[in-house]
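Written below as structure tokens is the structure these notes are about.
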Amino acid sequence: MKEFIQKQFEKNHLQSVKLLSILREIQAEFHFISKDAIEILANLLKIERTQIISVVEFYHFLSLEFRGKYEIFLSDSITDHMLDKQSLANYFAKKLGVKLGQLRGDGLVSLDNTACTGMCDQGPAGLINGYAITQLSKPRIDEIVSLIEQQVPVEDWSKEIFKVADNICKTDLLLTEEISQGSALQNTFKQGLTETLAEINLSGLRGRGGAGFNTAMKWQFCSQEKETARYVVCNADEGEPGTFKDRVLLNQYAHQVFEGMTLCAAIIGAKAGFLYLRAEYLHLYSKLEAILANRRDNNLLGKNILKQGVDFDIEIRLGAGAYICGEESALIESLEGKAGIPRNRPPYPVVEGYLNKPTVVNNVETFLAAAKIALIGGQAFANLGTKQSTGTKILSISGDCEHRGIYEYPFGTTINTILNNCGAKDVLGIQIGGPSGTFISNQEFDRVIGFEDLATGGSFIIFNQQRNILDSVRNFTDFFVDESCGFCTPCRVGTSLLKKQLDKIVDGHGSAGDIVALEEICQLVKNYSHCGLGQTAANPILTTLQRYPEVYQKQLKAISYEPGFDLNASLAPARKLANRDDAGAYLAQVED
Amino acid sequence: MSETITIDGKEIPFKAGQTIIEAATAAGVYIPHLCHKPGYKPHGSCKLCTVNVNGRRCSACTFPAATGQAILNKTQELEDNRRKITQMLFVEGNHFCPSCEKTGNCQLQGVAYYLAMKDNHFPHFFANRELDASHPDLLIDHNRCIFCNLCVRASQEKDGKNVFAISGRGINKRLIINSKTGLLKDSDIEVNDCAVQVCPTGAILEKRKGYSTPIGQRIYDTQQIDQVSLTQETVYE
Amino acid sequence: MSDKIRVATTSLAGCFGCHMSFLDIDERLLKLAELVEFDRSPITDIEHCSDCDIGLIEGGVCNAENVHVLREFRKNCKILVAVGACSINGGLPAMRNHIPLEECLNEAYIKGIGVENPQIPNDPELPLLLDKVYPIHEIVKVDYYLPGCPPSADVFWTFLTDLIEGREPSLPYELVHYD
Ligand SMILES: Cc1cc2nc3c(=O)[nH]c(=O)nc-3n(C[C@H](O)[C@H](O)[C@H](O)COP(=O)(O)O)c2cc1C
Ligand code: SF4
Ligand code: SF4
Ligand code: FES
């Protein structure tokens with residue numbers, strides 16, 4: 001083990017900022033991070049062992065305990081459940097002879113849930129030793145189980161098992177054709193850096209990651225900082241359940257995304273950039289590395305790019321399973337090899353980002369659009385969309401419809417149009433922008449996609465009339481409990497309280513005051529949390545409570561109060577131990 | 001001419017680089033807090049110090065004071081919600097005050113008293129947390145840790161050590177100790193370290209020191225935490 | 001019926017400390033007796049609660065019987081008050097909550113030092129233990145809380161006189177403590 005770690009350490013240039021990368025390698029090799037590994041690493045990197053432990057314990061795909069030679073994770077997105085995930089999970093567990101969440105006795109295989117893996121258009125999905133699997137079915141599970149039992153190394157499994165489709169269903173300005181390699185950069189240098197920034201400004205481009213901050217303004221702020229060591233970061237953490245467009249962009253349009261990053265670097269004066277790729281997209285890693293190498297060969301990256309005196313290179317850093325690392329300051333912490341805990345603001349990343357240097361963080365799609373704008377000019381882009389939301393938006397459509405996949409629309413498109421295009425019938429409502437977004441009912445389908453109406457990072461999950469809203473609200477609330485980083489009190493404790501209170505109501509233990517109590521916790525979590533995760537964690541409840549109060553009301557009992565837990569079940573251990581079955585050994589949930 | 005902010009209508013001067021809570025404390029205005037301590041790097045995790053700055057909620061312990069800020073601090077809404085946040089801390093851990101040696105001198109209690117908290121309001125987690133009594137002179141009762149990070153900062157910033165860290169994520173957060181065994185006895189900690197003294201709750205305790213002050217003479221028996229804080233904490237280290 | 005205020009009190013998983021502290025209001029008891037009348041309480045022989053104005057509950061809920069008593073109080077008392085640390089957060093009895101019940105019972109009745117005739121009691125007359133000790137507000141709706149271990153005599157006095165005189169009860173700073 002020592003040699004292995006030494007080798008990783010050298011490969012990663014002895015840097016503690018590379019801690020996460022090194023830990024990923026150790027986990028992949030040994031399937032856990034042992035105490036010894038921690039001691040060796042602490043000595044080599046000259047950091048405290050506690051720093052290593054806190055990183056391991058923070059990320060979902062790192063573990064202090066052995067996880068087996070085959071580590072299987074099943075995507076737990078609501079879209080997976082809509083595709084019958086639960087019964088497949090049970091089947092998988094039975095076939096493997098392991099309980100969900102556990103390591104099998106012989107140490108060969110473990111099976112657990114993980115948050116949405118970004119395959120909602122082709123679920124039920126999962127990960128095996130970090131590599132994405134899609135469209136799980138019983139025959140596919142049988143095949144996988146037999147490969148595992150025969151201990152065939154994952155590298156030797158059929159490529160079919162790891163096939164990921166792009167499912168591009170509708171293209172517009174950005175997706176119809178990828179720009180030709182280098183053309184946007186050439187144009188940038190030809191027309192001048194300031195002029196290109198002016199074009200981006202004219203385009204009105206706003207961030208596609210969700211918050212919608214003006215991109216030109218962000219770049220300008222960063223370029224005006226006194227500190228000259230600056231960074232460009234592309235946020236490919238894509239953790240919002242129901243979003244998968246960045247995966248497709250990186251699979252088919254990576255050149256253009258890297259080109260966008262490079263012209264940003266030229267404009268703001270950055271020498272180094274990162275693509276922060278979510279762990280779930282490990283399957284894209286070597287392809288992206290090859291594209292970067294190709295760009296270096298073509299003088300589109302590296303020293304003296306296109307002989308214009310600009311030096312810039314891009315490094316890919318993988319995450320390790322944490323939705324919060326999509327939040328830009330948590331992402332930066334993660335890039336620095338730490339747990340992804342959002343920073344205090346101010347200072348903002350454009351002032352103090354990576355290694356406390358000015359840093360631009362943008363979404364994959366934002367860089368893609370920026371490259372296009374540099375080529376075709378700001379006006380051509382601004383001609384599309386609406387006044388406040390120019391250009392197009394790429395949506396990830398999943399759930400109850402005929403054609404799940406990627407759709408590009410000019411902003412301002414109505415929900416009705418989108419539903420028609422994707423073949424959605426009998427629709428109950430749509431989760432727009434993922435769990436942190438909004439649930440809209442079928443009374444609102446004339447609303448439009450755009451920052452002025454329905455803002456979205458791209459997640460678009462359709463529910464038909466057969467679905468129960470409360471199932472998705474529960475799934476989303478559980479998601480936030482699992483993904484809260486735990487830094488601040490309102491989110492750390494509040495998300496768990498939300499879950500308890502929601503479960504109480506949905507499980508039928510709620511009574512008159514319980515909805516008010518639920519709303520009270522919602523407001524606390526929303527208004528007092530430290531970052532966007534906590535501030536939106538109550539949205540699934542708040543947006544459905546507002547639209548379907550009767551659905552919640554129906555769950556309530558007419559009595560004035562009921563315990564939030566199963567009272568009779570809490571007598572069960574004692575009943576068993578005392579071996580009693582008389583009437584006094586049972587309790588009614590409420591007084592009769 | 002020095003610049004000013006207003007807190008609940010009162011004009012307060014501040015120096016460039018000061019946070020809102022620093023300016024407030026210097027001017028004798030108490031803002032409830034737990035993870036903040038003068039002279040320590042701002043952290044901003046407990047959210048008790050939340051104030052309303054020109055209509056936006058901000059953590060007073062991390063947010064820089066700036067000219068033109070009209071700040072609300074002692075409003076009914078803020079105090080009610082601070083109480084609920086305190087209640088969250090009480091149900092998250094296991095705070096059985098009668099059996100805690102810190103009782104009467106505990107800042108978590110002090111803040112709760114100040115906010116007139118009479119019950120814990122929420123369902124209790126009854127978390128399964130451990131007690132580390134391995135050290136001859138110290139003990140750490142994880143049941144009472146509120147993850148304020150002060151011991152972590154004290155050890156790093158004041159003691160020049162690195163005895164503590166906060167690990168885990170979400171509701172599974174936990175305080176970890178920097179030693180090969182993970183036990184306090186094998187760490188570099190010493191009784192007189194700032195990290196020992198700084199704990200606002202009864203999580204880190206000196207052994208054989210408990211209940212030494214008679215009831216009635218303990219810190220928060222006689223004084224409210226705002227007074228205690230303003231007399232002790234205006235002096236910056 | 002007299003127009004005196006009817007008060008019932010009980011101790012669930014508590015130590016009667018709160019009751020003792022209540023009695024510490026000393027000579028004020030006489031004044032109180034002019035205003036209130038006790039229903040079910042350790043200080044009367046009444047076995048079951050009838051309609052009351054105020055119910056004072058000491059202790060948390062650790063077994064099936066506690067649940068029944070607590071429900072009887074809730075049903076009959078207009079105002080239900082959680083008195084003392086144990087009723088508010090389970091208190092010291094709740095320190096067993098992180099130990100599985102099986103381990104607790106094994107320790108007490110099977111493996112413990114000095115146990116003769118090891119057997120977990122199974123007489124139907126005995127109430128079964130709940131898996132955890134619960135604060136009373138997690139079982140029934142509670143109207144007021146009097147913190148303290150125990151709440152001081154002054155807390156009882158202030159609270160009851162406030163209520164009796166029709167004021168919204170409020171405890172001054174000195175009276176709020178958790179120990
Ligand atoms: C909890 C949370 C998760 C986020 N996840 C992502 C993400 O996966 N991808 C992304 O681009 N932005 C994400 N964001 C938004 C980023 O913080 C940031 O605003 C964005 O990357 C900026 O890029 P843009 O201006 O191009 O949108 C997230 C924000 C929060 C609060
Ligand atoms: S809101 Fe949640 S995710 Fe954000 S800092 Fe607080 S605990 Fe962490
Ligand atoms: S042990 Fe004390 S000082 Fe350290 S984080 Fe916990 S509560 Fe804060
Ligand atoms: S004191 Fe400001 S967040 Fe804790």
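Each chain gets a letter, A, B and so on, in the order its sequence line appears, and its residues count up from 1.
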Above 12 or not: heavy atoms from other molecules or residues under 6.0 Å from [atom1] of [X]?
{"X": "B:Lys207", "atom1": "NZ", "value": "yes"}
{"X": "C:Tyr109", "atom1": "OH", "value": "no"}
{"X": "C:Glu125", "atom1": "CD", "value": "no"}

Original post:
Roughly how far, to the nearest 0.5 Å, is the CG atom of B:Asp221 from the NE2 atom of C:His177?
Top reply: 8.5 Å
Subject >> Reported NE2-to-CG distance for the pair C:His137 and B:Asn120, which is rounded to 0.5 angstrom >> reply: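 Rounded to the nearest 0.5 Å, the NE2-CG separation comes out at 7.0 Å.
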Original post:
Can you name the salt bridge (Lys or Arg N to Asp or Glu O under 4.0 Å) partners of C:Glu72, sequence neighbours left out?
Top reply: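 Partners of C:Glu72 by the salt bridge (Lys or Arg N to Asp or Glu O under 4.0 Å) criterion, ordered by chain and then number, come out as C:Arg40.
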Which bit of [X] is near chain B, if near means a heavy-atom gap under 4.5 Å: side chain, backbone, both or neither?
{"X": "C:Glu138", "value": "side chain"}
{"X": "C:Val133", "value": "backbone"}
{"X": "C:Ala82", "value": "neither"}

Subject >> Top contributor to chain B contacts, counting heavy-atom pairs under 4.5 Å, from C:Gly91, C:Gly90, C:Ser87, C:Cys86 >> reply: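 The option with the most such pairs is C:Gly91.
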Original post:
Picking from C:Leu171, C:Asn89, C:Ile88, which has the most non-hydrogen pairs under 4.5 angstrom with chain B?
Top reply: C:Asn89
Original post:
Got a sec, which pairs hit salt bridge (charged side-chain N to carboxylate O under 4.0 Å, His left out) with one end in residues 113-129 of chain B, sequence neighbours left out?
Top reply: none
**OP:** Begin from the C-alpha positions of B:Asn94 and C:Met95 and carry the test side-chain contact (heavy atoms from CB on, under 4.5 Å) through to its verdict.
**Re:** CA-CA 8 Å; B:Asn94 295 304; C:Met95 291 180 86; over 6 Å; no
Subject >> Residues C:Asp179 and B:Lys102 bridged, charged N to O under 4.0 Å >> reply: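 Salt bridge absent between C:Asp179 and B:Lys102.
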Original post:
Considering only heavy atoms, which portion of B:Gln223 lies under 4.5 Å from any heavy atom of chain C: side chain, backbone, both, or neither?
Top reply: backbone
Original post:
What part of B:Tyr220 is in contact with chain C, defined as an atom under 4.5 angstrom from a non-hydrogen atom: side chain, backbone, both or neither?
Top reply: both
Subject >> Contact residues of residues 14-36 of chain C (partner chain B; heavy-atom separation under 4.5 angstrom) >> reply: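 Contacts with chain B: none.
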**OP:** Specify the closest pair of heavy atoms between C:Val176 and B:Met117, including all atoms of both residues, with the distance to one decimal.
**Re:** CG1-O, 3.9 Å
Original post:
Do C:Tyr173 and B:Gln224 come within less than 4.5 Å of each other through their side chains, counting heavy atoms only?
Top reply: yes
Subject >> With sequence neighbours excluded, residues passing side-chain contact (heavy atoms from CB on, under 4.5 Å) with C:Glu102 >> reply: A:Leu577, C:Asn106
Original post:
If only atom types and distance count, is the side chain of C:Tyr178 paired as donor or acceptor with the main-chain N or O of B:Phe96 below 3.5 Å?
Top reply: no
